[in-house]
Peer 1: 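Take this structure, written in structure tokens, and hold onto it; I'll ask about it next.
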Amino acid sequence: MSRISCDAKITFFERFEADILSGAKTITLRDESESHFRVGDRLSVSTFETDRHFCDIQVVRVEELAFDALNQRHAAQENMTLEQLKAVITEIYGEIKTLYLIEYRLL
Ligand SMILES: CC(=O)Nc1cc[nH]c(=O)n1
């Protein structure tokens, strides 16, 4: 099957792959270094660990979000509890005040 033409690439840790492919995870929270994505962008998705492509997505929403504003809705969109989400974000980025919420759909 031919690959979809994409505007850019994004990586996810392998541990999120199943939730992304099942539709259980519909957002990703990134730091400023990945705040350049725009609504409508079609992204090729690969694993961070091995750069293995596993899907393509389209960005449907991008918004700046304070870490302290994380709520149960964001957690549900990540298929986590709020406590789990805060711990995962802190594990990835350390102490971070400003996040960029990227909502996407599977292509
Ligand atoms: C590789 C990487 O940064 N992966 C991330 C970071 C934050 N959220 C997420 O879903 N995936």
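A quick note: this is a predicted structure, and the numbers were derived from the prediction, not measured. We count ligands from 1, going down the list as the structure has it; atoms in each ligand are counted the same way.
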Peer 1: If you group Ile, Leu, Val, Met, Phe, Trp and Tyr by side-chain heavy-atom gaps below 4.5 Å, do Leu101 and Ile92 land in one group?
Peer 2: yes

Peer 1: Taking Asp31 for the side chain and Ser33 for the main chain, is one N or O donor matched with an acceptor at less than 3.5 Å?
Peer 2: yes

Peer 1: Mind checking whether Tyr100 and Tyr104 sit in one hydrophobic cluster, side chains of I, L, V, M, F, W, Y counted as touching below 4.5 Å?
Peer 2: no

Peer 1: Tabulating one pair per line, provide the atom names and distances (0.1 Å) for every N/O atom of ligand 1 that is less than 3.5 Å from a protein N/O atom.
Peer 2:
| unit_1 | atom_1 | unit_2 | atom_2 | d |
| --- | --- | --- | --- | --- |
| ligand 1 | 8 (N) | Thr28 | OG1 | 3.1 |
| ligand 1 | 10 (O) | Lys25 | NZ | 2.7 |
| ligand 1 | 10 (O) | Thr28 | OG1 | 2.9 |
| ligand 1 | 11 (N) | Arg30 | NH2 | 3.1 |

Peer 1: Specify the closest pair of heavy atoms between Ser44 and His53, including all atoms of both residues, with the distance to one decimal.
Peer 2: OG-CD2, 3.1 Å

Peer 1: Can you check whether Phe54's main-chain N or O pairs, donor with acceptor, with Glu17's side chain at less than 3.5 Å?
Peer 2: no

Peer 1: Would the distance check show the side chain of Arg38 and the main-chain N or O of His36 forming a donor-acceptor pair, the cut-off being under 3.5 Å?
Peer 2: yes

